[in-house]
*Asks:* 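I have a structure I would like to understand better, so I am pasting it below and will then ask my questions one at a time.
Here the structure is a predicted model, which means the values were calculated and not measured.
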Amino acid sequence: ATLPQTIQIRLSQLGARSNNPEEIPALIVELCEYESLSIAELSDLLNRSEKHIKREYIARLMKAGKLFYTIPEIPHHPDQKYSSKK
């Protein structure tokens, strides 16, 4: 699916290091609001490693109730994706 232009612009402006610590988590929530995404898909879009995204952002966003599993009964399902809508 094609992402909205506003999200595409923000992704293109994302550098190797972000000055704003809330920029990437906010972008993850926005991306997952638009479409449920896997760690691999988020990794590609954000140009960050899967390990980094999982360690630095996903757990914290889930704990804060901003992200949800698409397959909540099987957290480690190979087709697991994340959504910001319950």
Side-chain angles (χ1 to χ4, degrees):
T2 307
L3 294 169
Q5 190 173 9
T6 53
I7 295 177
Q8 288 180 15
I9 291 168
R10 287 173 57 204
L11 285 169
S12 71
Q13 293 172 340
L14 202 60
R17 296 211 180 267
S18 175
N19 294 332
N20 179 354
E22 292 308 311
E23 182 178 26
I24 293 176
L27 202 45
I28 290 172
V29 170
E30 201 171 327
L31 285 163
C32 291
E33 188 175 307
Y34 180 73
E35 177 182 13
S36 297
L37 296 166
S38 67
I39 292 281
E41 291 165 327
L42 286 166
S43 170
D44 286 345
L45 288 167
L46 298 167
N47 200 25
R48 305 283 192 280
S49 76
E50 290 181 34
K51 190 186 248 183
H52 177 75
I53 289 171
K54 199 170 207 167
R55 186 183 63 231
E56 296 296 321
Y57 306 112
I58 298 299
R60 199 169 7 139
L61 288 168
M62 291 193 66
K63 192 174 182 181
K66 293 181 179 183
L67 281 186
F68 307 94
Y69 288 127
T70 56
I71 310 170
E73 55 283 351
I74 309 170
H76 298 291
H77 193 284
D79 297 326
Q80 188 65 264
K81 292 190 176 196
Y82 300 89
S83 175
S84 57
K85 300 178 218 154
K86 223 174 186 167

*Asks:* Can Ile74 and Gln80 be said to form a side chain to side chain contact (heavy atoms under 4.5 Å, CB included), step by step?
*Replies:* CA-CA 8 Å; Ile74 309 170; Gln80 188 65 264; 5.5 Å; no
*Asks:* Just so I know, are the side chains of Arg10 and Leu14 near enough to count as touching, which here means a heavy-atom distance under 4.5 Å?
*Replies:*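 The answer is no, as the side chains (C-beta and beyond) never meet within the 4.5 Å cut-off.
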*Asks:* So how far is it from Leu42 CG to Cys32 SG, rounded to the nearest 0.5 Å?
*Replies:*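 Going from the CG atom of Leu42 to the SG atom of Cys32 covers 4.5 Å.
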*Asks:* Which of parallel (below 30°), tilted (30 to 60°) and perpendicular (above 60°) describes Tyr82 and Tyr69?
*Replies:*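 Because their plane-to-plane angle lies in the 30° to 60° range, the rings of Tyr82 and Tyr69 count as tilted.
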*Asks:* Treating Gln8 as the side-chain partner and Leu3 as the backbone partner, does any N or O pair qualify as donor plus acceptor under 3.5 Å?
*Replies:*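 Indeed, once roles are kept as given, a pair shorter than 3.5 Å links the two residues.
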*Asks:* Would you say Phe68 and Ser84 make side-chain contact, with heavy atoms under 4.5 Å?
*Replies:*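 No; the side chains remain at least 4.5 Å from each other.
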*Asks:* Looking at OG of Ser43 and NE2 of His52, how far apart are the two atoms once the value is rounded to the nearest 0.5 Å?
*Replies:*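 With rounding to 0.5 Å, OG (Ser43) is 10.0 Å from NE2 (His52).
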*Asks:* To the nearest 0.5 Å, tell me how far Leu45 CG sits from Ile53 CD1.
*Replies:*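 Those atoms lie 8.5 Å apart.
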*Asks:* Do you know which two heavy atoms are closest between Thr70 and Ser36, and how far apart they sit?
*Replies:*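 Where Thr70 meets Ser36 most closely, the heavy atoms are CG2-OG, 3.5 Å.
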*Asks:* About how many Å separate CD1 of Ile24 and CD1 of Ile28, when rounded to the nearest 0.5 Å?
*Replies:*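 Ile28 CD1 to Ile24 CD1: 7.0 Å, rounded to 0.5 Å.
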*Asks:* Are Val29 and Ile9 linked, directly or through intermediate hydrophobic residues, by side-chain heavy-atom contacts shorter than 4.5 Å (ILVMFWY only)?
*Replies:*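 No, it is not one cluster - the side chains of Ile9 and Val29 are not joined through contacts under 4.5 Å.
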*Asks:* Nearest 0.5 Å please: distance from the CG atom of Leu31 over to the OG atom of Ser83.
*Replies:*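 Atom-to-atom, Leu31:CG and Ser83:OG are 11.5 Å apart.
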*Asks:* Which residues pass the ring pair (Phe, Tyr, Trp, His ring centres under 6.0 Å) test with His77, sequence neighbours left out?
*Replies:*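 His77 satisfies ring pair (Phe, Tyr, Trp, His ring centres under 6.0 Å) with no residue once adjacent residues are dropped.
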*Asks:* So, the side chain of Arg60 versus the backbone of Ile58: is there a donor-acceptor pair under 3.5 Å, distance only?
*Replies:*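 Pair absent, no side-chain N/O of Arg60 close to backbone of Ile58.
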*Asks:* Does the side chain of Glu35 come within less than 4.5 Å of Lys81's, by heavy atoms?
*Replies:*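 Result no, sub-4.5 Å side-chain heavy-atom pair not found.
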*Asks:* Membership question, hydrophobic clusters at under 4.5 Å side-chain separation (ILVMFWY): are Ile39 and Ile71 in the same one?
*Replies:*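 Per the 4.5 Å side-chain linkage, Ile71 and Ile39 are not co-clustered.
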*Asks:* Would you call Glu56 and Arg48 a salt bridge, using N to O less than 4.0 angstrom?
*Replies:*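 Salt bridge absent between Glu56 and Arg48.
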*Asks:* Measure the CG-OG distance between Asp44 and Ser38 for me, rounded to the nearest 0.5 Å.
*Replies:*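 The OG atom of Ser38 is 8.0 Å from CG of Asp44, to the nearest 0.5 Å.
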